[in-house]
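Down below is the structure, laid out as structure tokens.
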There are 2 protein chains.
Amino acid sequence: MMDAMYQLPPRRTYHHGDLRQALLDAGIALARVGGPEAVVLREATRRAGVVPNAAYRHFANRQALLQAVRAAALAALATAMEKERARQRRGKHGVDAARASLRAIGTAYLRFARTEPGLFRTAFGVPGDPETTAHPAMAGKSGLNPFQLLSTALDELVQADLLPKKRRPDAEYVAWSAVHGLAMLVLEGPLRRLPRTQIRGIEQRLLAMVEKGL
Amino acid sequence: MMDAMYQLPPRRTYHHGDLRQALLDAGIALARVGGPEAVVLREATRRAGVVPNAAYRHFANRQALLQAVRAAALAALATAMEKERARQRRGKHGVDAARASLRAIGTAYLRFARTEPGLFRTAFGVPGDPETTAHPAMAGKSGLNPFQLLSTALDELVQADLLPKKRRPDAEYVAWSAVHGLAMLVLEGPLRRLPRTQIRGIEQRLLAMVEKGL
DNA sequence: GGCGCAATGTATACACCGTCCACACCAAGC
DNA sequence: GCTTGGTGTGGACGGTGTATACATTGCGCC
């Protein structure tokens, strides 16, 4: 129905040229609108102007395509974090800069969940494997993925003497948990209907709790 | 294949007798094993020994069945929380009892995620509506659903002067976020592979952060 | 006690999905 | 220029959710 809008004019060449990327782009577009369950092989091939089975030349199966989309979503989040960190650190030094880094990571995370719910759910709602292991496909400009960006922010905190070295181990898990949980509640939990201003307040309070309670 | 094991002997009566409940039970069984995406209408009807369309006499569509399963999962969690609270409060009074209540809620939540991952994902991985509104289908013996149980625990905390009245509003959201986020990370995030003992440590630390940082 | 209706279960059918297999095309290298 | 292997096509199968029409039967009313 509405999907027909995405129908392409028939290709003139037998070979597509860059089908893998086209399928990935289509998958990302689908995920943005409908989350992971909307990443449908056949629809992606339709949008690429190609027969369903062509996808199997580039992805082992639907799951593989979904993982690729997920990696792209993580990369987008990483990039957003890097930008926000650069913005918040502007003109700050030492202790203030370290604190700003952590805030920026959390803020960017929560904003990403709000502004790109489909990609966010794709990034974290799919049992995909590794956030700990590095893989350029899910990293930002710095080569670090979201989880690693948080880790470095915590390292900064230690260096600035804002976090005792003793409490550094596993701190990323605790911090991540808090922010991630809130994002989920806002996205598809009981906080969905709350006015944005109240949500912002809760976000600030949560970030404060993390800073204080870590 | 393996599902054939659940095939029932053919019914002798034309009417099933309690099909709605049978479908719900089948749905719960499916969710326990495979999470929300495993709650498949046709398979549920198969297990109930009935033709696929029969389900539509009792549920508007697959989504409706899934919501019913979700409500049951929430009810199971609520019951687990009530039990754990009763256990931890045994012999305690006043301040200690209040603190125990909150701990129990968090502990039960995290354990439920670990021991019933399928139901947990069904309860919280599906964009279902209301955790705030009361509905007996998702409540435990006390008639309160998980979210409301947390709220009452926080009220206790205020009464015991462990939480300043001023910080009471929205506290449930912050506390819930932290615990919920950790549960998700353990279930399908980067913490999946960690040894159980380390996870327990992180759980304890997170609960401590909540108590302290609230 | 029997009748009729509404509730419940069945039969058939459609569109969509992921995926397998055999085949068609075509670009690049010997 | 012929082969070969990578890429896209065609057709098919079994699975899913769901609509529409039909069969059966328990229950309430006379």
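These numbers come from the heavy atoms of this one structure, side chains and all, not from hydrogens, waters or symmetry mates. Naming: A, B, ... by sequence-line order, numbering from 1 per chain.
- A salt bridge links B/Glu84 with B/Arg87: the closest approach of a Lys/Arg side-chain nitrogen to an acidic carboxylate oxygen falls below 4.0 angstrom.
- Between the C1' atom of C/dA15 and the CZ atom of A/Arg46 lies a distance of 11 Å, rounded to the nearest Å.
- Here the side chain of B/His16 is nearest to one of D/dG17, C/dG9, C/dT19, namely C/dG9.
- Rounded to whole angstrom, the span from the CG atom of B/Leu19 across to the C1' atom of D/dG26 amounts to 16 Å.
- In this structure, B/Phe112 has its ring center no closer than 6.0 Å to that of B/Phe124.
- Remark: side-chain polar atoms of A/Arg62 are paired, donor with acceptor, to backbone N or O of A/Val39 under 3.5 angstrom.
- A straight line from CG of A/Asp18 to C1' of D/dT7 spans 13 Å, rounded to a whole angstrom.
- Counting non-hydrogen atoms under 4.0 angstrom, B/Val51 reaches a base of the nucleic acid.
- For B/Glu82 and B/Arg85, the salt-bridge test fails: no basic side-chain N is under 4.0 Å from an acidic carboxylate O.
- Note: A/Arg205 CZ to A/Lys212 NZ = 9.5 Å, rounded to the nearest 0.5 Å.
- Each of A/Pro52 and B/Thr13 was assigned the nucleotide of DNA chain D with the nearest heavy atom; the assignment lying further toward the 5' end belongs to A/Pro52.
- Side chain B/Arg42 to base D/dT18: a donor-acceptor pair is found below 3.5 Å.
- No hydrogens or angles were tested; on distance alone, nothing pairs the side chain of A/Asn53 with the base of C/dG18 as donor and acceptor under 3.5 Å.
- Distance CG (B/Leu23) to P (C/dG9): 9 Å, rounded to an integer number of Å.
- With salt bridges taken as basic N to acidic carboxylate O contacts below 4.0 Å, none links A/Arg192 and A/Glu188.
- Of the residues in residues 57-66 of chain A, A/Arg57, A/His58 come within less than 4.0 Å of DNA chain D through at least one heavy atom, sorted by number.
- Here the C1' atom of nucleotide C/dC16 and the CG atom of A/Leu30 are 15 Å apart, to the nearest Å.
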